[in-house]
Amino acid sequence: MPEVSRKIADAVNKSQLEAVSRLDGPLLVLAGAGTGKTRVITYRIANMIGNGIAPERILGLTFTNKAAREMRERLAAMIPGDSAEKVFLGTFHSFGARFLRRHVGVLGFTSDFTIADEADQLGIMKQAILDVDLNKDLANPKFCLHLTSKIKNAMSAPEAADIRDTILSRFFPAIYRRYNQILKNQNMLDFDDLLLFVVMILERDEQILERSRKEKTHLLVDEYQDTNFLQFRLLQLLAGKSRNLCVVGDDDQSIYGWRGAEITHILRFAEKFPGAKVVKLERNYRSTTTILDGANAVISLNNNRHSKNLWSDLGEGEPIKIISARTGEEEADFVADTIIDAINGRDRLSPSSIAILYRSNHLSRLIEESLRVSRIPYKLVGSKSFYDRKEVRDAVAYLKILHNKRDDQSLLRIIGVPPRGIGDKAIEHLKRIKAESGAIPMGDILATREFRASVTNAAAKSAEQLADTIRLFRQEFQQGSVEIAPSARKYLEQVGYLDGLARMHKDTDEYIRRRDNVLELVNAMAQYQGRNPSATLGDFLESHSLADDSDKVRKDSQDDDAVTLMTVHAAKGLEFPLVLVVAMENGMFPNERAMRDGSVEEERRLFYVAMTRAKKQLILTRAISRMTHGEIMRRPPSPFLGDIPKELTVSANAQNAFKKVDTETLIKALENFTA
DNA sequence: ATGTTTAATCTTTTT
DNA sequence: GATTAAACAT
């Protein structure tokens, strides 16, 4: 076994040391919640470098950008020089994107491909359905995208899709092929292609495979329980015969089954990589025994799991609170009151040490209102983020068409925004000519005689202007060594978008707000280039496409010290002294639709993740009735609440928890007192 | 072609 | 309850 530096050996416990020091061959680290997983990974990388493995040859894959960022920071603090910079640490998808920029040529794409976002995918799928002449009532575009993703992730043929509808099952293969063809025509890849194409190239091309294996000799994967088939296959290919593959994960925290993740990968790792060493991390450094025992009791009801025995020596602490409110509003008020008490009361918690978790995004709304009324600073992770605003997406589309002239989706998005005399009719002609001509980019059609002859003078004129401006700035950006932010701003002005916003919104406040959002995007570009001085527009767009929830944080105040609101999914990997989980009702958590898909165990794992985020105190709240779809719904409490042993919990009603005295009663009481 | 009103459709989780 | 598509009026 390789030497481990004294500094590292002193910083880890016995089982952690095993995981850190065994550098060759397959290794599975089963890391329960709060057992120092990130610590193990970073120390392990430091140990690799300490033992002479070149940092360039280490490939660390994660599922979120945030996890990658965190690891790099911790690594940089640990090892001297710029070695930490040289390790590839990133998401599977960003690795795929980087790999494909080099190699995607063999599949007929060019290296300046763009990544299709959800809106692009939907638009392309709608077009594909239209192209195969199917009545759109028969082929739901969203459902088709779902099927497409499943097919790609399983690397199977569209004929193998599991479709009950006989008509759709007959047409789906054609739709699937047409969808991919449109993507290719536009030099675009969807998210799944980012993984699929890497695997295809590695399987097909022995030389690239050998070269890749030599380049990355030591692989490390975080959150292995979330890998899907493509990701598994990628690891298998890259690991090769040397199989220097270390995967870290916790089967109990597998919560992405709906996205194709297969828990069997972690359950059967030792079968797929015979001779694999297995290290279990069971000592929890995070939570009180009350919280841990509660979480263990809940998760032990699952059948499909590695047995494990998580323990901590952090003391019993407070019991788990279960609070019933009459309505969602009352629940939200209770949450705000609890937080005020935690901050100002004897606990003196800082807002940033408090998290409010929920199963689905829309549940944040009521809570937000209460927090605002109570003037509690908060930040919202994910959900309707800044980047989802219409004006920001429009601005991004303007930039995308600049970078990729074949991106028809972006052109269609911006051609009528702001209104410039090109309306439905002109767009019909544009699409018609596109269909007749084959693969000519729509942007080029704008300048053709046929198009100009088909539409009104006004439309032809502004189409020409639009095409000219785009061409002009495309050249500017292609020259490289451009300061992307100022150029982007100039472009958005000259193309008439910023002025257009004013025309589109008579309400000046709204106009200013939207313009500020667009300028905020420009600002984000400047910051991006500040971090990566040689960055091009394409680089910015890629990082924008691959951004995840943890990159999308909406702050309600400038204060960094704020309460965090997020979904349980977004909370994975994080910890907080005080955690509140809201909407603990049957149907909400566990989620009704998820239950219909038969994934009770995954819902339970999700609840396990929620519980194990808490270090000192866990509060679970529910509302007896709640507004959903605009009508009041009564729901029974979540069955998960009953799965927690009674001796670990205390239950109460929200209205008794914080006695609210309105001013009138107070005055009366005072009067009585003075009298 | 564009602006305004009404109807409809959904909210599970996301790289 | 909020966003988006479709229908209608200017």
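Only a predicted model underlies this, so the values are computations on that prediction, with no experimental measurement involved. Here is the naming used below: chain letters follow the sequence lines, and residue numbers restart at 1 for every chain.
Residue N361(A) places at least one side-chain N or O under 4.0 Å from the OP1 or OP2 atom of dT13(B). For the pair T567(A) and dT14(B), the criterion of a side-chain N or O lying under 4.0 Å from OP1 or OP2 is met. At least one side-chain nitrogen or oxygen of R593(A) sits closer than 4.0 Å to the OP1 or OP2 atom of dT12(B).
dT15(B) atom P lies 11 Å from atom CD1 of I255(A), rounded to whole Å. One atom, NZ of K390(A), and another, P of dT3(C), lie 8 Å apart when rounded to the nearest Å. Rounded to a whole Å, the CG atom of L363(A) is 15 Å from the C1' atom of dC10(B). The distance between atom CG of L546(A) and atom P of dT14(B), rounded to the nearest whole Å, is 16 Å. Rounding to whole angstrom units, CG of residue L189(A) and C1' of dT15(B) are separated by 14 Å. Whole-Å rounding puts the E118(A) CD to dT14(B) C1' distance at 8 Å. What separates CD of E223(A) from C1' of dT15(B) is a distance of 13 Å, to the nearest Å. The CZ-P distance, from F607(A) to dT13(B), rounds to 19 Å in whole Å.
In this structure, W258(A) packs face-to-face on the six-membered ring of dT13(B), meeting both the 5.5 Å centre cutoff and the 30° plane limit. The aromatic ring of F191(A) sits over the base of dT15(B), with ring centres less than 5.5 Å apart and planes inclined by under 30°.
The existence of a salt bridge linking E391(A) and R515(A) is excluded, since no basic side-chain nitrogen approaches an acidic carboxylate oxygen closer than 4.0 Å.
Residues Q127(A) and I124(A) form no side-chain contact, since every pair of their non-hydrogen atoms from C-beta on lies 4.5 Å or further apart.
When each of dT14(B), dT15(B), dA2(C) is scored by its nearest atom to the side-chain atoms of R365(A), the top-ranked nucleotide is dA2(C). Listed nucleotides dT14(B), dT11(B), dT12(B) differ in distance to E603(A); the shortest reach to its side chain belongs to dT12(B).
Spacing of P atoms, dT4(C) relative to dT13(B), comes out at 16 Å, to the nearest Å.
One donor-acceptor pair, N or O on each side, does fall under 3.5 Å between the base of dT13(B) and the side chain of R359(A).
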Seminar exercise, completed: Protein-proximity profile, nucleotides 1-7 of chain B, B/S/- by nucleotide at the 4.0 Å heavy-atom cutoff, equals SSS----

Exercise. Yes or no on side chain to side chain contact (heavy atoms under 4.5 Å, CB included) for T227(A) and F63(A), after CA distance, side-chain angles and deciding distance?
Worked result: CA-CA 9 Å; T227(A) 45; F63(A) 280 83; 3.8 Å; yes

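Exactly one of K434(A), K431(A), R413(A) qualifies for a side chain to side chain donor-acceptor pair (under 3.5 Å) with D408(A). That residue is K434(A).
Aromatic ring orientation, H146(A) versus F143(A): parallel (interplanar angle below 30°, classes split at 30° and 60°).
Judged by distance alone, with hydrogens and angles left aside, the side-chain atoms of R613(A) form a donor-acceptor pair with the main-chain N or O of L574(A) at under 3.5 Å.
For M200(A), the side chain to side chain contact (heavy atoms under 4.5 Å, CB included) partners are L107(A), M155(A), L196(A), F197(A), R204(A), not counting sequence neighbours.
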